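This report refers to the structure that appears directly beneath it.
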Amino acid sequence: MHGIIRKEIGSKIFNLLASSSEFLSGPMIARKLKISRATVAKRIKRFRTLGCKIDSCPGQGYRLVSVPDKLLPPFITMGLKTTIIGRQVFFYPKIDSTNSQAKAIAGHGIHDGALVITDYQTQGQGRLKRQWVSPPKKNLLFSVVVYPFVAPSKVFLMTVVASLAVCKSLNSLFNIKAGIKWPNDVYVNNRKICGVLTDVSLDQKRVKRVVVGIGLNVNVEPSLDQELGSLATSIKRETGRTQKRLPILKRILEEMDRLYKRFLSGEITHLRDEWLSYSIIFGKKVNIFSDGLQENGIAETIDEDGALILLTPGGERKKIVAGDVSLRIQETGVRRKESG
Ligand code: BT5
């Protein structure tokens, strides 16, 4: 209990500093929050040990100059331009999986758009019991909990919201041209940079909650990682330099916020069209794997429920539902093994 109160005071002091570009005096902060000046000074000291740069000037007070690249809740919400996504943040230094944790806490006072984020997953999950691999503190690993009032057939649009948000952010921040490989992967130059894992829970045929997990490679060096090898890429690999994770996360949350609101207001066709414009599979020969069976054909389009329309060699059009399938693009010399 005491810990919670201390945390709340810390957040309040931090929020005051973060909302002002001017110096704020210690006595003024103390008066406003009904705490002692000593408490203010102690908290400021703690923020500095966390890596915040805070100027102090006798007679004027304190001014927040910068925050470290740490994925802590006050740093994430500071200046975050969203109204739904990421307004509530749960950070864990290490956890089994943010999707599992988000599912466990969803419904227990967890708001629409809550963010569950970690620096390291011990059991990062992909689809179909595959693994998501990510060394500690290198990448972005997070899940967002939402409660959209939509029919189950439209849940795929949350995967659309997530993958589009990632593509747009990579483009606007780094001029990286990312594309979407149906159903849930983001690729750059034929290598996977991000995976999305969407989990839905239903209540009498309506959607009760959706957890959308995003794993984005930021500073991992795939070539140094045997498991990722030549299949994966990262923002560092594409840009040639180490990148800060916090601004990337914020941009993705802001893009998700915009896209999620469009989804809620029924702009489904627009969202789908935008998603299609990022697709890297249309017109290409693909192999579909499901339950040990394989289908080949040309990826033609994606229908209004997110299913892939496959044109088979016999000229038949088959509808492939995303659920339990993997897709491989048939291109020689580009990919050496299936990566999801
Ligand atoms: C995915 O599955 O791509 C969904 C990954 C979602 C991960 C996030 S992290 C936060 C949240 N919490 C979780 O526990 N999960 C979500 P799939 O399409 O099945 O792809 C998995 C395959 O991608 C693996 O079998 C590997 O081949 C490959 N892979 C694993 N880690 C990778 C990485 N860091 N970068 C690129 N490819 C990777």
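Residue numbers start at 1 and run along the sequence shown. Both counts, for ligands and for their atoms, begin at 1 and track the order of listing. Given the structure is predicted, the values throughout are model-derived calculations rather than measurements.
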Residues clustered with F149, ILVMFWY side-chain links under 4.5 angstrom: none
Spatial distance of atom CG (D273) from atom CD1 (I268) [nearest 0.5 Å]: 12.0 Å
Check: N99/D199 side-chain N/O donor and acceptor closer than 3.5 Å: no
Interfacing atoms of ligand 1 (cut-off 4.0 Å, heavy-atom, T98): 10 (C), 11 (C), 12 (N)
Polar proximity ligand 1 side, Q123 side, N/O cut 3.5 Å exclusive: no
Whether N184 lies under 4.0 Å from ligand 1, heavy atom: yes
Proximal atoms of ligand 1 relative to G124 (non-hydrogen, under 4.0 Å): 14 (O)
Atom indices of ligand 1 within 4.0 angstrom of V196 heavy atoms, with elements: 4 (C)
Qualifying ring pair (Phe, Tyr, Trp, His ring centres under 6.0 Å) pairs, either residue in residues 67-92, two or more places apart: F14-F75
Modelled atom types, side-chain donor and acceptor of N189 and E238, under 3.5 Å: yes
Basic-acidic side-chain contact under 4.0 Å: R245, D119: yes
Location of contacts on D185 toward ligand 1, heavy atoms closer than 4.0 Å: side chain
I193 and ligand 1 - part of the residue with a heavy-atom distance under 4.0 Å: neither
Atom pair NZ/OG1 of K138 and T242 - distance to nearest 0.5 Å: 7.0 Å
Closest non-hydrogen atom pair, G323 against R127: O-NH2, 3.5 Å
Identified side chain to side chain contact (heavy atoms under 4.5 Å, CB included) partner of Q121 from the options D96, T98, V133: T98
Ligand 1-proximal atoms of N217, by part, heavy-atom distance under 4.0 Å: side chain
Selection from Q101, R191, K129, Q125 by shortest heavy-atom distance to atom 16 (C) of ligand 1: Q125
Identified side chain to side chain contact (heavy atoms under 4.5 Å, CB included) counterpart of Y278 within the set V166, V186, I180, V160: I180
Of the listed options T198, V186, L228, closest to atom 32 (C) of ligand 1 (non-hydrogen atoms): L228
R127, Q121, K138: member with heavy atom nearest to atom 13 (C) of ligand 1: Q121
Atoms in ligand 1 flagged as close to A232, the criterion being non-hydrogen separation under 4.0 Å: 35 (N), 36 (C)
Per-atom contacts of ligand 1 with F142, taking only distances under 4.0 Å to non-hydrogen atoms: 10 (C)
Sub-4.0 Å heavy-atom approach of S134 to ligand 1: no
V133 N/O to ligand 1 N/O under 3.5 Å: yes
